Structure formats: structure tokens, C-alpha cells
Asks: 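Right, I'll just put the structure down here and ask away after.
Predicted, not measured: the structure shown is a model, and the values here were computed from it. Protein chains get the first letters and strands the later ones, always in sequence-line order, with residue 1 at the start of each.
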2 protein chains.
Amino acid sequence: MQGEKNMRKNFELYKNIGVHTITSIFTVDKGVVKVLLVKRKNEPFKDMWALVGGAVYNNELLREGALREIKEKTGLEGVKIYESGIFDKLDRSPIMRMIAVTYVGIVDINKVNVLSETINTEDASWVPIDKVKRLAYDHNDILLKALDTLKELIVSTDILKGLFPNGFTIPEVQKTYEAILGKEFDRRNFRKKLLSLRLITDTGKEILFEGKRPAKLYKFDKRKENKSVF
Amino acid sequence: MQGEKNMRKNFELYKNIGVHTITSIFTVDKGVVKVLLVKRKNEPFKDMWALVGGAVYNNELLREGALREIKEKTGLEGVKIYESGIFDKLDRSPIMRMIAVTYVGIVDINKVNVLSETINTEDASWVPIDKVKRLAYDHNDILLKALDTLKELIVSTDILKGLFPNGFTIPEVQKTYEAILGKEFDRRNFRKKLLSLRLITDTGKEILFEGKRPAKLYKFDKRKENKSVF
DNA sequence: TTGACAAGTGTATAAAATACACATATAATG
DNA sequence: CATTATATGTGTATTTTATACACTTGTCAA
């Protein structure tokens, strides 16, 4: 068959496809969605900002490679990541054929502390998504896709659990939804919907923000790990 | 940093990750969902049945590689394929580290003719999904994931257009949904929903099936290419 | 004490999903 | 020709879900 010949002809080339993982790590900080960027230290794209990622080793799973890169480049550990897509344009890297398997994660803004303790702030930074400039490689495209994936995930999975390790108030969750989805909800209807799902429970505690009426503190119900939120 | 050392140590290994595409091509034949399998001619897994796929060349996109493999192994052309997932277990191939980028497609059963003209039926076969035995590699896992993907796609995209190139009747579409989703719909409500979306138009023609009342023939509205069906 | 601010709460209306029964067009049969 | 079997076609009432909308409450600061 014709294909067999091509196969042989292209075999050496085929051996040279590189595999990278690239993760868009988000947080929501006072109603602003931010993404974690790192400054590249090597060519290509030296000194440009980029999403977190790198080459996958032969002896690790893609997901493991992604988590390793996150830890090495930012100090963050235990991030829950979700598949987002695959990027494989032939010229996406100037060095060699390279495909990128991309992931999405979201973390509590307080983990920024961890970041600043272990990594020079010149090397890693939380950037509001509408302030992101030209990134290395095709990372701008990857980021756009990641935001789409994030929008799908917050209405169909419990991905936001990772954002509220110490409980949350309903207005807080609402602001997070509004920031990520880019639209507003009626306060009464949002609360009604969230409570009707019976995925969260009232802790009985309250929490105060600068001289306003205290808000009730809720937490995700542990018994319903993987059900969708919206 | 510690990772840098590992990087160097693993570089040779990293160069040896192979990239495959694997496509689950479905059809629905008289209410039965079938998948297209091909018999392997070479080791590993020689003579076992497998999904359609193979190594990606360095000079082609993943999607192009998938379509090339489909054409080479089954003769099918012009199949619209959708991303399904990535499979990367370290031992999924006994030969080398291999990651599989997987796709899903669905085609009109009448293209089976094309198949039998160009390919020996010993080499390729439509198999009902509940009759699929042990496949090569991890293709049973890939098939399960592909079915999940297909279920999502038929309620959120116009993927079924590819299944009805010459128009369709509403009961036909309903049977297809029921076969793929594994549940039944009320006939009146299904028709109401489908028509309310205004994605299909009445052709004015009718079609007959063996001594029953003729059914109206519809077609997808060309102006609304990419809207979701359910 | 008053004002500013965000949190908390209930009801009425509209839209969507669901449940449900009978008439009709064809081919096959006697 | 009348009868039967079979799958198609059609409308309405009910339930569920989503949406729209206004006033009261608790805290801090002035």
C-alpha cells in the first residue's frame, strides 16, 4: 500500500516529535481572574513570559510531567489539573516538531505566598488575563483555549473546590463565577440555585469583610465529591 | 535546580516518545451502534482487531495523520473527526513509550460499500459495540472514552449531519439518539424539541419503509452549520 | 444616631421539560 | 374489498426550572 512506503520514508522524522505539557494555572483575586506566568531563562523565546510547562520525560505520565514542571518552576504542589487540549501546529516551536498537551488548574490566591517564598518574583507572576501580552510559543492560543475549558469546568465539575480550601461565602462563589464567565447573576437566584444542588453545607460560622454585614460560611459537602455545580 | 539535572538525564528517553493517532469510527445501522475495526497485520498484537490509527509523521498535523491512516486502512475519505482524549500509560505499547491522541467520527452506513470495494472484509469490519472483544493495545479503553465523547458530541454539536447526507426522517434521528445515548425519548416531545431548534427543514418529500405510513423527509438547514442539536 | 455598604430573604411570572392518547397512511392477509 | 398490523403524525395539560424583582438586616465609620 502507498502509505507503507511513506511510513518508512518518514520514520526518522517521526522519531523526532517532541512532547511538552503546558498548564494554565488560574486564580481569582478580588474578582479578577489571573493566570500564572513564568519568565523563560533559555532560548527559544528567552526572557519572554510563558505558561508553565516543559518537556515530558520518557518515564513519567503526561500529567506527572505537568505537575513536576509546575513544582520546579513555581513551587506549587498539589494542584488539581484537568485536560484542556492539544496543540500541534508544525511551526509552533522554532527548534523542532513539538506537540503540547495542555492542562488547566485553579488555586487559592493565598498560595501566592508559597510562590514568593520559593521563587523570585522576577521569574513568576500572577497576571490578570486581560493584561497578558505576547507570550512565548503559541501560549496565547493555549491560554484562550484554557479559559474556554475553565468556563466549561466550573459549570460541570467541582473544580472550584480547589479555590476554597477553608470554606467560602455564597457571594464569594458568585463573584468567582461572574469573573470567570464574564457575566452577572441575580444574587437571590444564584443563592437559590447553589443551595438547591445540596452540594454545600452551612458551617454555622460567619465571616466578616471590612465593616459589612457578616456572610455565612459554607463548605463543599465531602460526600458528593464529583458532582457538577451548575 | 534539581529538575534541570533530571531533564538532562532523561533527555535521550524523552526523544523516544512516539505519537500515534487512534480514531473510533462509528455508524448506526438499524438502531445498532457499530464501530469500525481493522485486523493488525504486524507485531505487536498481530492478527488482533484494533481501532484505526498509527504513527504520525513529522511533517503532518495530528488530524492529518489520523485521516491518512483512516484512508490507508479502510478507504474512507472525508470523515469529520473530533478530538476525544489522550492515552499515555507507560506500558500501553510493548515496544516503546507511545502516546495516543484519539479521535471520534461517525459516518453513513452506506459508506460500508466503499469499504468493501477497496478493502478485504477480512481486514476491516463494522462491529456492534456490545460485541467488541479484546482489542490490541489499550484500544478497549480508548473505545469506551470515544463512546463517552460521542454521547457528548451528539447533544452539543451537529456531528450527526455526517450520518445523514441524503436527508433523514425524525424517527430515524430519534432512533440514532436512542441507540447512542442508550435511553428512549417520547416521540411527540422529541419531534417538538428538534423542530423548535429550527436547525432542520422539511423537504416536502416523504420516504417509505416496508408497508408503514410514510415519514416526512427533513434535511439540516445549511445556514446553521455549527449550532448544537440538543 | 446616622449613613454607607454588602448580606440576607420570598414570591410572582415565564419558559422549558415532561406526561400522556388517539387518528392516519401503507402493505399484507384473508 | 375489508381487516389487521405497524409505525408515523399530532395537541394539550401539568410539572419543573429559570427568571425577574424590592425591601430588611448587620457591621463599621463618621
Asks: Out of D:dT10, D:dG9, D:dA20, which nucleotide sits closest to the side chain of B:Arg188?
Replies: D:dT10
Asks: Heavy atoms from C-beta onward define the side chain here; which of D:dA7, C:dC5, D:dT27 lies closest to that of B:Lys212?
Replies: D:dA7
Asks: Could you check how far CD1 of B:Ile207 sits from C1' of D:dG9, rounded to whole Å?
Replies: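 Result: 16 Å.
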Asks: Just the rounded figure in Å: distance from P of D:dA29 to CZ of A:Phe209.
Replies: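 Roughly 16 Å, once rounded to whole Å.
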Asks: Could you give the CG-to-C1' distance, from B:Leu195 to D:dG11, as a whole number of Å?
Replies: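 So the CG-C1' distance, B:Leu195 to D:dG11, works out to 14 Å.
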Asks: Taking A:Ile159's backbone N and O only, do any of them form a donor-acceptor pair with A:Lys80's side chain (distance below 3.5 Å, no angle check)?
Replies: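 Flag not set: sc A:Lys80 to bb A:Ile159 has no pair under 3.5 Å.
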Asks: Do any side-chain nitrogens or oxygens of A:Lys216 fall under 4.0 Å of OP1 or OP2 in D:dG26?
Replies: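 For D:dG26, neither OP1 nor OP2 has a side-chain N or O of A:Lys216 closer than 4.0 Å.
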Asks: Over how many whole Å does the gap from B:Lys183 atom NZ to C:dT18 atom C1' extend?
Replies: 12 Å
Asks: Rounded to whole angstrom units, what separation is found between the CD1 atom of A:Ile170 and the C1' atom of C:dT9?
Replies: 12 Å
Asks: Would you mind reading off the distance between B:Lys193 atom NZ and D:dG9 atom P, rounded to a whole angstrom?
Replies: 19 Å
Asks: Under the ring-ring contact (aromatic ring centres under 6.0 Å, His included) test, which residues partner B:Phe26, sequence neighbours left out?
Replies: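 B:Phe26: no ring-ring contact (aromatic ring centres under 6.0 Å, His included) contacts found.
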Asks: So if I take every side-chain heavy atom of B:Arg187 and compare against D:dC28, C:dA7, D:dT10, which nucleotide ends up nearest?
Replies: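 Shortest atom-to-atom distance from the side chain points to D:dT10.
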Asks: Hey, which of these two, B:Pro171 or B:Lys192, hits DNA chain D nearer its 5' end, going by closest nucleotide?
Replies: B:Pro171
Asks: Rounded to whole Å, please give me the gap between CZ in A:Phe190 and P in C:dA6.
Replies: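 Atom CZ in A:Phe190 sits about 18 Å away from atom P in C:dA6.
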Asks: Using atom CZ of B:Arg191 as one end and atom P of C:dA16 as the other, report the distance to the nearest whole Å.
Replies: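 Rounded to whole Å, this separation is 21 Å.
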Asks: I would like to know whether B:His139 and B:Ile22 meet side chain to side chain contact (heavy atoms under 4.5 Å, CB included); could you show each step before the answer?
Replies: CA-CA 8 Å; B:His139 288 196; B:Ile22 305 290; 3.5 Å; yes
Asks: Would you check if A:Leu51 and A:Leu37 make a side-chain contact, meaning some heavy-atom pair closer than 4.5 Å?
Replies: yes
Asks: Carefully, step by step, assess A:Leu195 and A:Tyr218 under the rule side chain to side chain contact (heavy atoms under 4.5 Å, CB included).
Replies: CA-CA 10 Å; A:Leu195 289 172; A:Tyr218 291 81; 3.8 Å; yes
Asks: Which of these nucleotides, C:dA21, D:dC21, D:dA22, is closest to any side-chain atom of A:Asn189?
Replies: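 Out of C:dA21, D:dC21, D:dA22, the nucleotide with an atom closest to A:Asn189's side chain is D:dC21.
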Asks: Both A:Glu206 and B:Asp186 contact DNA chain D. Taking the nearest nucleotide for each, which residue is further toward the 5' end?
Replies: B:Asp186
Asks: Choose from D:dT10, D:dT27, C:dA7 the nucleotide whose nearest atom is closest to any side-chain atom of A:Leu208.
Replies: D:dT27
Asks: Kindly indicate whether the side chain of B:Arg213 and the base of C:dT26 share any N or O donor-acceptor pair separated by less than 3.5 Å?
Replies: no
